[in-house]
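Quick notes on the structure that follows.
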Amino acid sequence: MEFIDLAPLLGARGRVRLPGSKSISNRVLLLAALAEGDTEIRDLLASDDVDRMLEALRTLGVRWQRGTGDDYLVQGVGGVFPVKAAELFLGNAGTAFRPLTAALALAGGEYRLSGVARMHERPIGDLVDALREAGAAIDYLGNEGYPPLAIHAASLRTGGALRVRGDVSSQFLTALLMALPLTGAETVVEVVGELISKPYIAITLELMARFGVEVRREGWQRFIVPAGARYRSPGTVYVEGDASSASYFLAAGAIGGGPLRVEGVGRDSIQGDVRFAEALASMGARIDMGDNWIEARAPASGRLRAFDMDLNHIPDAAMTLAVAALFADGPCTLRNIASWRVKETDRIAAMACELRKVGATVEEGADYLVVTPPAALQVAAIDTYDDHRMAMCFSLVSLGGLRVRINDPKCVNKTFPTYFERFAEVARTVPVIAIDGPSASGKGTVAARVAAALGWHCLDSGSLYRIVALAGMRAGVALDDEAALAALAAALPASFADGRVLLDGVDVSAEIRSEACSVGASKVAVLPAVRAALLDRQRDYRAAPGLVAEGRDIGSVIFPDATLKIFLTASAESRAQRRYKQLMEKGMAANMESLLQDLQERDARDAARPVAPLKQLPDAVLLDTTTMDVEQAVSFVLERVPADR
Ligand SMILES: Nc1ncnc2c1ncn2[C@@H]1O[C@H](COP(=O)(O)OP(=O)(O)OP(=O)(O)O)[C@@H](O)[C@H]1O
Ligand SMILES: Nc1ccn([C@@H]2O[C@H](COP(=O)(O)O)[C@@H](O)[C@H]2O)c(=O)n1
């Protein structure tokens, strides 16, 4: 399983230019295709769902060209698709599947529409029923009420009234409304049940109006598509930034201090999800808004407030609130979110399961969630269920100052392929100073002093290899038995307290410094499975306010994104002398010649191994302490710690 590990964060701030809105992109593409005349579309979203719509339109004979960047030119077909028989694969793009179903059913022709397995589990029966009322001929090719579908040419009963359910997905109503102008007759659409996600219908009506079709609305229950309505290109259409995608960054600003500004949506947006900002404000976040931007900062009190909200109007952005709830000062209730169950995955179940993994207590109901934040978040591997929003939402956990693993991160391609890159640009990671170098160069001494001066945590990674060697020797395991040593390393009962190293609760601080353990450590350290078993353990030392870590592969493997990398060395002779003096001071026996030889053999083994060898990285600063004392070496490092982290 592919995954991405997001580093622990101190906070988030900066600016993000949002990708185009998925809802607007796919609606505008279909309207431009159905319209008379050419439409220039600026800032179209580049993502899987939009690609599915573009491919489908091309298959249907609609001509479009990509211009510079994300600008497109679509040549409208005036309501008549040139290709009258086609098979369309629409992935998991609900914003392509539902509107195309309605448009093709009313356009006339022989079409087969299918998608990925999950698309075939997402209901479409209410839309098909409404289209059948209008005389459309649609067959289910799999399960009754679900895609895939076969659409046939039919003699339509144009005009009059149609009924459609509004309480499962608002996309059914959107699809009908966008397709009905193809009939040329006045049609009244009556919504059965309480219409959910009304702001998405508002987007549909607004965009239809831009393409020349004004739908009259009586409340949210009756919609009248006028007779003789025809789509006409408005010339150029600009796609707004995606307001649902904005929610992750606004939440990051609210949780992680901010200010964090998203650009591309603002006060003038036609997307309902801009109201996510109000929800955040009710949690105490400080929100500012311009025509085309929104900015979020943490509450003045520093802590987000618990909430109990009806989130029916912002079902997608509401998922972000479920994760923001982890940072609230009490239990948070998300109500009226039943539509989550028929989205990319059953989002209520998925959210509950993953929130529990990070330590939250979650109560799950048919249409609600209650999230009680844990006293301390837990490191977890988050499953994403092929749902882009699960992946993006859970990136926020890293703002709790802990590592979070996101499985299958490429699922964000559905709507935001560059999400993790944009997130990294505004993320303030917990800083790490990586000090690598050969034996007895002074890494441990310097690292501990630098950490104390900065008030940061300190990791002596070599001690972990030493403990594995000691545990192996005690258990009678040969020091080249990779599988047995890796198993020991994975479950190492080691801990560090007050400068002491404990194995099974017993102080082994002196024992692991013996020459036997030194040699043993460098032997077990060549084994890839042992190194892999210790990887996450080392990474989890990264905690606010910062970490100084020393070893051989800290800058290359453990923390390649370290804030500062130092390669600390000294001549072999001076290192041997220092080690000799160190042992003498501890009252331990030592011999200069054999010390020098052991040290050189260890260095050679560490540098020659194929996995994570000891070497100076191109981005590491060289610190040769042969003629320096400890104070000078510590000052050298401290002077290079970036002030603005
Ligand atoms: N710049 C220096 N000048 C003189 N002595 C030093 C200097 N740096 C470290 N020392 C001394 O050298 C000895 C070895 O240092 P230390 O144990 O920190 O090295 P190390 O690189 O962590 O070794 P190892 O990799 O074997 O754990 C210590 O007694 C330490 O006080
Ligand atoms: N990141 C590291 C740290 C250590 N090792 C191996 O462990 C041995 C002991 O380390 P000390 O720093 O305590 O001397 C060392 O010789 C290395 O073989 C490592 O591989 N990677």
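Just follow the structure's listing: the first ligand is 1, and inside any ligand the first atom is 1.
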Check [X] against ligand 1 and report side chain, backbone, both or neither, counting heavy atoms closer than 4.0 Å.
X: Arg602; answer: side chain
X: Thr445; answer: both
X: Glu585; answer: neither
X: Arg552; answer: side chain
X: Arg466; answer: side chain
X: Lys443; answer: both

Give me the one residue out of Asp5, Asp383, Asp540 that meets salt bridge (Lys or Arg N to Asp or Glu O under 4.0 Å) with Arg405.
->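 Answer after filtering Asp5, Asp383, Asp540: Asp5.
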Can [X] and [Y] be counted as having a side-chain donor-acceptor contact under 3.5 angstrom?
X: Asp48; Y: Asn413; result: no
X: Arg403; Y: Ser398; result: no
X: Thr361; Y: Thr372; result: no
X: Arg605; Y: Ser522; result: yes
X: Gln597; Y: Glu601; result: yes
X: Thr626; Y: Asp624; result: yes
X: Arg640; Y: Thr563; result: no
X: Ser574; Y: Ser571; result: yes

Between [Y] and [X], is the closest basic N to carboxylate O distance under 4.0 Å?
X: Asp480; Y: Lys523; result: no
X: Asp606; Y: Lys615; result: no
X: Arg474; Y: Glu511; result: yes
X: Asp386; Y: Lys414; result: no

Measure Arg513 to ligand 2 on non-hydrogen atoms and call it side chain, backbone, both or neither using the 4.0 Å cut-off.
->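 Side chain only.
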Counting heavy atoms only, which part of Arg466 comes closer than 4.0 Å to ligand 2: side chain, backbone, both or neither?
->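 For Arg466, the contact with ligand 2 is made by the side chain alone.
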Nearest-neighbour protein heavy atom for [atom], which is reported as residue plus atom name and distance:
atom: atom 18 (O) of ligand 2; answer: Asp606 OD1, 2.5 Å
atom: atom 7 (O) of ligand 2; answer: Tyr465 CB, 3.5 Å
atom: atom 2 (C) of ligand 2; answer: Arg552 N, 3.3 Å
atom: atom 6 (C) of ligand 2; answer: Ala525 CB, 3.6 Å
atom: atom 28 (C) of ligand 1; answer: Gln582 NE2, 3.5 Å
atom: atom 9 (C) of ligand 1; answer: Gly442 CA, 3.4 Å
atom: atom 8 (C) of ligand 2; answer: Ala521 CB, 3.6 Å
atom: atom 4 (C) of ligand 2; answer: Gly462 CA, 3.5 Å

Exercise: identify the closest heavy-atom pair between Arg513 and Asp460 =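 Nearest heavy atoms, Arg513 then Asp460: NH2-OD2, 2.8 Å.
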Only one of Met351, Lys343, Met319, Glu344 passes side-chain contact (heavy atoms from CB on, under 4.5 Å) with Arg389; say which it is.
->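 The option that passes is Met319.
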Mind checking whether [X] has an N or O less than 3.5 Å away from an N or O of ligand 2?
X: Ser461; answer: yes
X: Asp460; answer: no
X: Asp553; answer: yes

Strictly under 4.0 Å, does any heavy atom of [X] approach an atom of ligand 1?
X: Gln577; answer: no
X: Arg449; answer: no
X: Gly462; answer: no

Looking at Tyr541, does the NZ or CZ of Arg537 lie under 6.0 angstrom from its six-membered ring centre and within 45 degrees of the ring axis?
->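 Output no; distance or angle outside limits.
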Using non-hydrogen atoms of the residue, decide whether [X] is closer than 4.0 angstrom to ligand 2.
X: Glu601; answer: no
X: Arg531; answer: yes
X: Arg609; answer: yes

For ligand 2, which atoms sit closer than 4.0 Å to a heavy atom of Ser522?
-> 16 (O), 18 (O)
Atom indices of ligand 1, in the order listed, that fall short of 4.0 Å to a heavy atom of [X]:
X: Arg513; answer: 27 (O)
X: Ala440; answer: 19 (O), 20 (P), 21 (O), 23 (O), 24 (P), 25 (O), 26 (O)
X: Met628; answer: 1 (N), 2 (C), 3 (N)
X: Gly444; answer: 18 (O), 20 (P), 22 (O)

Return yes or no for this condition: an N or O of Arg579 is under 3.5 Å from an N or O of ligand 1.
->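 There is such a contact, yes.
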Ring centres under 6.0 angstrom apart (Phe416, Tyr248) | no
Please answer whether the main-chain N or O of Ser439 pairs with a side-chain N or O of Asp603 as donor and acceptor at a distance below 3.5 Å.
->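 Checking the backbone N and O of Ser439 against the side chain of Asp603, a donor-acceptor pair under 3.5 Å is found.
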Heavy-atom distance to atom 2 (C) of ligand 1: which of Arg578, Gln632, Lys581, Lys586 wins?
->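 It is Arg578 whose heavy atom sits nearest to atom 2 (C) of ligand 1.
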